[in-house]
*Asks:* 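What follows is a structure written as structure tokens; I'll ask about it next.
Everything quoted here is computed from the prediction, not taken from an experiment. By convention in this document, chain letters (A, B, ...) are assigned in the order of the sequence lines, proteins followed by strands, and residues within each chain are numbered from 1.
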Number of protein chains: 2
Amino acid sequence: MWQLSTKGRYGTRIMYQLAMKYGNGPMLLKEIAANENLPLKYLEHIIPILKKHKLVISTRGPQGGYQLFKDPKDISIKMIIEALEGDIAPTSCVESPQVCEKNTTCKSRKIWAIVDEKIKETLKNITLHDMIEDNMENSLCKNIVL
Amino acid sequence: MWQLSTKGRYGTRIMYQLAMKYGNGPMLLKEIAANENLPLKYLEHIIPILKKHKLVISTRGPQGGYQLFKDPKDISIKMIIEALEGDIAPTSCVESPQVCEKNTTCKSRKIWAIVDEKIKETLKNITLHDMIEDNMENSLCKNIVL
DNA sequence: TTTAATTCCTACCATTTTGATAGGGAATAT
DNA sequence: ATATTCCCTATCAAAATGGTAGGAATTAAA
Ligand code: FES
Ligand code: FES
């Protein structure tokens, strides 16, 4: 299946948890892991990527934890996925035409460029705020499969 | 990068070659491999999948080769990618909600379902005919990267 | 009926990616 | 001081990826 890796999937869930707590101080990664039923030690590998891309900020020591870097309205799913999975593109030649000498006429590339644009447009138009704006009860995902 | 595998990418190029020759008898896989500068022995693994999904038909022996199963107008990129990469879906819970007990309320799932739908819509609306309808000169892709 | 062409099938393999676990170091609020 | 929390590095098993190799089966044509 053409699926996102756990980086993208778990990472989105981390961001969702942080979005729900936005404005109420830092949240423990341990708490996020518990809420989402994901392995803490693995999330410790994912969250530094989000930090590097200025999507979260961290506070060390007691009472520390993580918070969103900015308002959930200003964080799109596209930003999250691009941070975690790298550039979005069905083929590498969409983003880097130089990998192919025939790039100006290649029919495949034309197709993938269209698909690429649609995906990006979609991801760009969904923010964390959109995710949390409807009722939040029972929204936790207890399953490890996603 | 969130990229298609070589199955999806090479496979699309195989289908493109066959589409260009549609109505003119079988085409050798060797010829396809040469045109697209792809390893023949590897394409021999990919094309049976296309055959199994009724996208191509084969003729054995001399003067044999492969042909499209139906008109390029009736073959969408979605069919090709789904045959080769399996179901398209950013997460498995989009196609199989039962993997998660919270699927009716899971906010992540809602997001991925929207993205999934957009991708499928896009891929469904591009056919092999669309790929070949403009000029065909210099359209071969000599680079192995795509 | 031989021969050559072509698809088809199975096995194997090296490398990379994925999805973690483990242990401890650094910073800091109390 | 101490407990808490993030941070960093190493390691690793399993799976996926992207092939290569060899030959069997089928068949058109000489
Ligand atoms: S491989 Fe995409 S432009 Fe040629
Ligand atoms: S993991 Fe997607 S529905 Fe819960």
*Asks:* Whole Å only: how far is the CD1 atom of A/Ile46 from the C1' atom of D/dC6?
*Replies:*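 These atoms are roughly 16 Å apart.
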*Asks:* Sequence neighbours left out, what pairs pass ring pair (Phe, Tyr, Trp, His ring centres under 6.0 Å) with at least one residue falling in residues 51-86 of chain B?
*Replies:*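 The answer is none; no pair qualifies.
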*Asks:* Is the backbone of A/Gly8 close enough, under 3.5 Å, to the side chain of A/Glu85 for a donor and an acceptor to pair up by distance?
*Replies:*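 Flag set: sc A/Glu85 to bb A/Gly8 pair under 3.5 Å.
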*Asks:* Here's a test of your reading of the structure: between A/Leu4 and A/Gln63, which maps to the more 5' nucleotide of DNA chain C?
*Replies:*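 That would be A/Leu4.
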*Asks:* Does the side chain of B/Tyr66 get closer than 4.0 angstrom to OP1 or OP2 of C/dC8 through an N or O atom?
*Replies:*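 For B/Tyr66, the contact criterion (side-chain N or O under 4.0 Å from OP1 or OP2 of C/dC8) is met.
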*Asks:* Could you walk me through whether B/Leu18 and B/Val56 pass the side-chain contact (heavy atoms from CB on, under 4.5 Å) check?
*Replies:* CA-CA 9 Å; B/Leu18 291 175; B/Val56 305; 3.6 Å; yes
*Asks:* CD1 of B/Ile49 versus C1' of D/dT17: gap in Å, rounded?
*Replies:*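 Taking atom C1' of D/dT17 as the reference, CD1 of B/Ile49 is at 13 Å.
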*Asks:* D/dG19 phosphate, OP1 or OP2: any side-chain N/O from B/Tyr10 under 4.0 angstrom?
*Replies:*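 Yes, such a contact exists.
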*Asks:* To the nearest Å, give me how far apart CG (A/Leu40) and P (C/dA20) are.
*Replies:*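 It works out to 13 Å between those atoms.
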*Asks:* Does C/dC8 have OP1 or OP2 sitting under 4.0 Å from an N or O in the side chain of B/Ser58?
*Replies:*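 For C/dC8, OP1/OP2 do have a side-chain N/O of B/Ser58 under 4.0 Å.
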*Asks:* Do A/His45 and C/dT21 share a donor-acceptor pair, side chain to base, under 3.5 Å?
*Replies:*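 When only heavy-atom distances are counted, A/His45 does reach the base of C/dT21 through a donor-acceptor pair under 3.5 Å.
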*Asks:* Rounding to an integer number of Å, can you tell me how far A/Met1 CE sits from D/dA15 C1'?
*Replies:*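 For the pair A/Met1 CE and D/dA15 C1', the rounded distance is 15 Å.
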*Asks:* If I take atom NZ in residue B/Lys52 and atom P in nucleotide C/dC9, what distance separates them, rounded to the nearest angstrom?
*Replies:*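 So the two atoms are 11 Å apart, to the nearest Å.
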*Asks:* Starting from C1' on C/dT17, measure out to CD on B/Gln3 and report it in whole angstrom.
*Replies:*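 Atom-to-atom, B/Gln3 to C/dT17, this comes out as 13 Å.
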*Asks:* Is it the case that the base of C/dG19 and the side chain of A/Lys41 share a donor-acceptor contact (distance under 3.5 Å, atom types as modelled)?
*Replies:*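 Such a pair does not exist between side chain and base.
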*Asks:* Just by modelled atom types, is the A/Gln98 backbone N or O under 3.5 Å from a matching donor or acceptor in the A/Ser96 side chain?
*Replies:*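 The answer is no, because no donor-acceptor pair under 3.5 Å joins these two groups.
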*Asks:* Categorize B/Leu29 for me: base, sugar-phosphate, or nothing, with a 4.0 angstrom heavy-atom threshold over every strand shown.
*Replies:*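 Sugar-phosphate, backbone atoms only, no base.
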*Asks:* Please check the phosphate of D/dC7 (OP1 and OP2 only) for any side-chain N or O of A/Lys51 closer than 4.0 Å.
*Replies:*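 Looking at the OP1 and OP2 atoms of D/dC7, one of them is under 4.0 Å from a side-chain N or O of A/Lys51.
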*Asks:* Scan B/Ile47 against the nucleic acid and name what it touches under 4.0 Å (heavy atoms): base, sugar-phosphate only, or nothing.
*Replies:*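 Since no nucleic acid heavy atom lies under 4.0 Å of B/Ile47, the category is nothing.
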*Asks:* Which residue, A/Pro62 or A/Glu44, contacts DNA chain D at a nucleotide closer to its 5' end, judged by nearest heavy atom?
*Replies:*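 Going by which nucleotide is closer to the 5' end, it is A/Pro62.
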*Asks:* Between B/Thr6 and D/dT17, does any side-chain N or O lie under 4.0 Å from OP1 or OP2?
*Replies:*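 Answer is no, no contact under 4.0 Å.
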*Asks:* Take atom CD1 of B/Ile57 and atom P of C/dT6, then tell me their distance rounded to the nearest Å.
*Replies:*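 Rounding to the nearest Å, CD1 of B/Ile57 and P of C/dT6 are 17 Å apart.
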*Asks:* Starting at atom CZ of A/Arg60, determine the distance to atom P of D/dT5, rounded to an integer number of angstrom.
*Replies:*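 Computing the A/Arg60:CZ to D/dT5:P distance gives 13 Å.
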*Asks:* Please test B/Lys120 against B/Glu117 for salt bridge (Lys or Arg N to Asp or Glu O under 4.0 Å), starting from the C-alpha separation and ending with a verdict.
*Replies:* CA-CA 5 Å; B/Lys120 285 186 175 140; B/Glu117 200 187 319; over 6 Å; no
*Asks:* Where the side chain of A/Ser5 is defined as all heavy atoms beyond and including C-beta, which of C/dG19, D/dT20, D/dT5 is the nearest nucleotide?
*Replies:*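 The closest nucleotide is C/dG19.
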